[in-house]
Each structure stands twice: as structure tokens, then as C-alpha cells.
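Below: the structure, in C-alpha cells.
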Amino acid sequence: MSTVESRRRAGLSGLAGLLTAAAGIAVAELLAALTDPAAGPAVAVGGVLVDAAPTPVKEFAVRTFGTADKPVLLGGIAVALAAVAVLVGLLAARRRWFGPGGAALFAIAGAAAAMSRPAAGPAAALPSLLGGAVTGIVLWTLHRPAPRPEGFDRRAFLRAAALVAVAGGAAVVTRRVRGGAATRDREAVRLPAPADPAPPLPAGQDPGFVTANRDFYRVDTALTVPRVDLGAWRLRIHGRVERPRTFTFAELLRRPLVERHITLNCVSNEVGGPYIGTARWLGVPLAPLLREAGIDPGADQVLARSVDGMSIGTPLGTVLDTPDVLLCVGMNGEPLPLEHGFPVRMLTPGVYGYAGACKWLTELELTTFGAVDAYWVARGWAPRGPVKTASRIDRPGAFGRVRAGSVPVAGVAWAQGRGIAAVEVQVDAEPWRRAELLPVPSDVTWVQWRLTWAATPGPHTLRVRAADGTGAVQPERRATPFPDGATGWHTVTVTVDG
Ligand SMILES: Nc1nc2c(c(=O)[nH]1)N[C@H]1C(S)=C(S)[C@@H](COP(=O)(O)O)O[C@H]1N2
Ligand SMILES: [Mo]
């Protein structure tokens, strides 16, 4: 055989590996879309990797890719899978058994991943096993020993290509249709008026005080947004309570609802980072619900669990003593967006999201910190996550250019629960200057601040620091987010043109 010919055959064998793997995955994803979307091999393997990733890797992913971390991970899996599929194709051309053998290994890995996912039963293995069988059988028939001019069965090749197109297309359509059901459920929700509406925002605020839902940051481990079937959804309160209870969504909506402006932020936010937002939340106060269930005095942790297997533990004392710890059903006048936890999420003012804001909530278990480590705590983050006092310069932007003269400097500062007493800004080595604080509705929101700077030409460095309601000034010392939140003064460098 000529070199050209053997190269051509190797190319075709590699392509056959790729194509048959794609056919298998398409069939697996179609079966998953029809039965249990979480059992699809791509999302299941991705989910296992997310949960298994060491904390520094997760931190790196959130820091580097932000909300795009999920597409980046899924893309990485696809590239790795493609490389192995090509390899299996090449090996199968030499030894026919390598095809089904390689496919079986993949099927087992996908099945194991799917079965290990939260709320998965043995049936979760089926999509991967079926997909593996398809890949194995097609590879086997492709490499029929009968000599053919192309080196393998051309008709089987075309059939595999057709299978990829049909099954893949059907899987995408099925997912869309099923996903659409959650969207329709959400659109059909009519939120009752709050029994206790949010106090009106004081006059004189900047428009950016409330973050629009579409601009609100998103941080979670869910590779695909959980789509909850509202009719089947229940919230269970159990554990160390005298009277365990279960609520439907309609039952929750019948309770008196409270509406508040509350700022939520992520422990992974770097100094100056974007993972913070303020919304007008509508929800059921949690403390009375727990009291009605009869709290066992031995409990000290409220462990929230979600449909996607997340667990988030909040100190029981914080839940009982903080006003307005809510089971949220509404965000800025709408039902919760799917990405932000539809139908119900928890919100604990003054506590970072990882320790107080479980999305897609299904369960609240009263337990102890001694008995259960929640998801992030098991990964080394602090068990309790009180928000640290912080501040950020939003204008001028980092490395921005401004014209000499009067330059507006503005930003936000937050210390939910303690409130912000003062914000100061320093230009280069000049004395610190007090910023003006815009009015706020309560001490659980961020505070907008501003001052005017007489900017002179040249490069300048601006720094900001805040003092909370107790008078404590945020520490200058830089700390990374892990394990209990970043510290340090946000600093930006700007160039002033003459
Ligand atoms: N189910 C679930 N809830 C979750 C998370 C998650 O990964 N899964 N992440 C938490 C974290 S770390 C934060 S900061 C907030 C972010 O809420 P948002 O995405 O609505 O802004 O959700 C919290 N609730
Ligand atoms: Mo977070």
C-alpha cells in the first residue's frame, strides 16, 4: 500500500471513530432528553468534573471565565472526547474488537457519571449504555473484514452520518420542547401582591441601584439550568423539627409575602469584581415557617438542598435573628428567572450566596454543623459566610482615560446587616477624602457613593475604602476569596489627558 493510500485510510478510520462516537452520543442524548435530561452523558460527566475539581481549579475557572466557565468546560470535554474517539477509530481499523471495546469503556464512564448525579436512579445509566452499544455496533460493521475499495463499508458510514443528524436533531428539539415547559410554567405564575411591600426607594438614587434581572450575575455549578416541573415541585422541611412539613408552590404563595431590596454577593468575588447585585425580592419569611415546624433546640444549621444536588448550610441563629431571610419567589417584579432559582430560592441578607442563597430549592433540613458539611464547606470554604465590608470604584473604569478638570468618581460599598457609615477615596498619596453617600432603603443593600475629583494631567491611582455601621474600616491587607471572602482596597489606575 502506498503512503498516500495508508494516510487516506488512517484519515477515514479516524473520521469513522469520530462519527460513530457522535452517533452514540446523539442517541444517548436523545434517550436522556425523552426520559431524564440530567442523565445525558455530556452533562453528567461535566457535572462530575465540576464537583471533583479541586477548589483552586474552580477558583481559577470562575476568575478567568466568569459565567462562561460552563461552555468552556463543555467545550474542553468535547475536544478531549473527539481526540479519544479518533484514536479508537484508528485502533479499530487494526483490530476490529477495539471498536466495541473502546465504546464499552465510554459507555461505562458515562453511565457511572449519570448514576452518581443527585437524584439519579439505575435508569440514569441507560442513555450512556444505549449510546455505547450504538457506537460499538456501528464501528464493528464499518470494519467488516470483506475487502472494499475504500477500506471499509461506505454505506455503513453514510448510515452513521444519518444517525448523527437524525438523533442529534431530535435530541435538540426534545430538549427545547421540555425546557419550554418550565418557561411556560414560569410565565403562567401570577405572584400575589406582597402583604408587606418594599419601602419606596429614597429619592436621589442613581439608576444603577437596582440590578436588572438580565444583568444580575450568575454563579452556580449547574451545567444546564435546572428546569423544574412546577406541578410536581415540593418544598420539604424536615430533620430536627417536631412537625416535618411539605409545601406546594401554591401553598407557599398563600402565605403573607414580604418584599425587600437586598444585595446578594458571591464569596468568590475578587476585590473590585462583578459578582454582586441588588434586586427587589419577593418571598416567604423563613423564620416563622421553621418555628411552626417546631425547632429542636439541638439544631444549629439550616441545610438547604436543591433539585440539582447542591447543599447550602446557613447558621440557624442567623436565620432566626436576621429580619427578612426569605424563600424568594419573585425578583424585580417577576417570578424568579430560571437561572436565578425558579421556582424558589433562599436569600439570607448579610451572608454570601454559597452560605445562604440556595437556588432551585427543594428541601430544608434542620441539622448541626457538626453532623453535615454542605457542598462548599466539604471543599474547604468557611462553614459560615458572613459578608465582609467592601467597596468598589465603578467610574472611572480601570485603565480608563478622562479629561483634566472635574471628574466624577463613583461606585458602591456594602456591608449587609451592618450598613455603610462612610466611604473614603484617595488619589495618589493625597489625603483621604470623604465621598457623598446616596440614600438607601435599609442596611442590607449596597450604598452608592460619589465625589468630584479635580483631575490633573498624567497617570493617577485612585483607592477606595469603606467603614461599616460599627465604624470598622475594611482592612487594607489583600486576601484572595478562598476560604471566606476577599479583602483589600479596590485600586484603579487612570490616565488624565491635558
Ligand atoms: N442550587 C444552587 N444554588 C446556589 C449555587 C449553586 O451552585 N447551586 N451557588 C450559590 C452561590 S455560590 C451564589 S454566589 C449564589 C448566586 O446566585 P445568582 O446566580 O442568582 O446570582 O447562588 C448560590 N446558590
Ligand atoms: Mo458564590
Side-chain angles (χ1 to χ4, degrees), residues 38 43 46-47 50-51 53 55 58-59 61-63 66-70 73 117-119 210-228 233 235 262-270 273-281 283 302-314 325-332 334-364 374-388 390 414 416 446 480-486:
V43 169
V50 168
D51 290 352
T55 297
K58 276 209 184 78
E59 271 194 287
V62 170
R63 197 170 54 236
T67 304
D69 55 351
K70 294 170 184 75
L73 172 68
R117 301 311 295 154
V210 174
T211 315
N213 289 356
R214 67 173 177 284
D215 298 332
F216 209 95
Y217 81 97
R218 175 183 166 205
V219 170
D220 55 59
T221 60
L223 281 176
T224 52
V225 175
R227 291 171 179 277
V228 171
W233 180 88
L235 173 70
I262 298 170
T263 294
L264 172 65
N265 53 320
C266 181
V267 69
S268 296
N269 204 29
E270 303 275 349
Y275 301 139
I276 179 164
T278 301
R280 181 165 47 88
W281 304 94
V302 179
L303 190 70
R305 288 203 181 79
S306 71
V307 298
D308 62 325
M310 175 52 60
S311 58
I312 288 185
T314 312
V325 176
L326 300 178
L327 302 183
C328 295
V329 294
M331 183 175 183
N332 290 329
E334 292 174 22
L336 277 183
L338 300 185
E339 297 80 15
H340 296 291
F342 177 81
V344 179
R345 80 170 306 163
M346 202 168 136
L347 197 66
T348 311
V351 174
Y352 289 119
Y354 85 100
C358 192
K359 304 193 275 188
W360 310 293
L361 191 65
T362 55
E363 229 185 88
L364 293 167
Y375 184 92
W376 296 105
V377 179
R379 286 158 178 79
W381 294 83
R384 295 159 175 78
V387 166
K388 295 180 180 176
W414 59 93
Q416 295 97 305
W446 58 16
T480 56
F482 185 79
D484 60 1

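When a ligand or atom number is given, it counts from 1 through the structure's own listing order.
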* Heavy-atom distances under 4.0 Å are what count here, so tell me which part of V267 touches ligand 1: side chain, backbone, both or neither. => neither

* To do: Check each atom of ligand 1 against the heavy atoms of S306 and keep those under 4.0 Å away; list them by number with element.
  => 1 (N)

* With a cut-off of 4.0 Å, which atoms of ligand 1 are near a heavy atom of L264? -> 17 (O)

* Would you say E339 has any N or O atom under 3.5 Å from an N or O of ligand 1, going by distance alone? -> no

* **Distance-only side-chain donor-acceptor flag, D51 / Y375, under 3.5 Å** => yes

* Which of parallel (below 30°), tilted (30 to 60°) and perpendicular (above 60°) describes F482 and W381? -> perpendicular

* To do: Report the part of K359 (side chain from C-beta onward, or backbone N, CA, C, O) that has a heavy atom under 4.0 Å from ligand 1; answer both or neither where that applies.
  => both

* **Those atoms of ligand 1 less than 4.0 Å from some heavy atom in C266** => 14 (S)

* Within the distance-only criterion (no hydrogens, no angle test), does the side chain of W233 pair as donor or acceptor with the backbone N or O of L361 below 3.5 angstrom? -> yes

* Asked: For ligand 1, which atoms have a heavy atom of F216 less than 4.0 angstrom away?
  -> 21 (O)

* To do: Give a yes/no on ligand 1: does R345 have at least one heavy atom closer than 4.0 angstrom to it?
  => yes

* At a 4.0 Å threshold, what atoms of ligand 1 neighbour a non-hydrogen atom of R218? -> 19 (O)

* Have a look at ligand 1 and work out which part of Y217, if any, has a heavy atom under 4.0 Å from it: side chain, backbone, both or neither. => both

* Which of the atoms of ligand 1 are close to H340, meaning less than 4.0 Å from one of its heavy atoms? -> 18 (P), 19 (O), 20 (O), 21 (O)

* **Steps toward side chain to side chain contact (heavy atoms under 4.5 Å, CB included) verdict (R345, L264)** => CA-CA 12 Å; R345 80 170 306 163; L264 172 65; 3.7 Å; yes

* ligand 1 to A357 polar contact by distance, N or O atoms, under 3.5 Å -> yes

* Which of the ligand 1 atoms, numbered from 1, are nearer than 4.0 Å to a heavy atom of C358 -> 3 (N), 24 (N)

* To do: Decide, yes or no, whether a salt bridge links D69 with R218 under the criterion of side-chain N to carboxylate O below 4.0 Å.
  => no

* Run the numbers for me: atoms of ligand 1, each under 4.0 Å from some heavy atom of Y354, listed by number. => 11 (C), 12 (S)

* **Verdict with reasoning, D308 to K359, per side chain to side chain contact (heavy atoms under 4.5 Å, CB included)** => CA-CA 9 Å; D308 62 325; K359 304 193 275 188; over 6 Å; no

* Asked: Any N or O on W360 sitting closer than 3.5 Å to an N or O of ligand 1?
  -> no

* Structure fact -> Checking N332, L336, V329 against W281 for side-chain contact (heavy atoms from CB on, under 4.5 Å), the one that qualifies is L336

* Asked: Are any of the side-chain heavy atoms of K58 and W376 separated by less than 4.5 Å?
  -> yes

* Asked: Heavy atoms, side chains only, cut-off 4.5 Å: are L347 and I262 in contact?
  -> yes

* Going by atom types alone, do T278 and W446 pair a side-chain donor with an acceptor below 3.5 Å? -> yes

* Structure fact -> If you compare D308, D220, V50, V219 by their heavy atoms, the one closest to atom 10 (C) of ligand 1 turns out to be V219

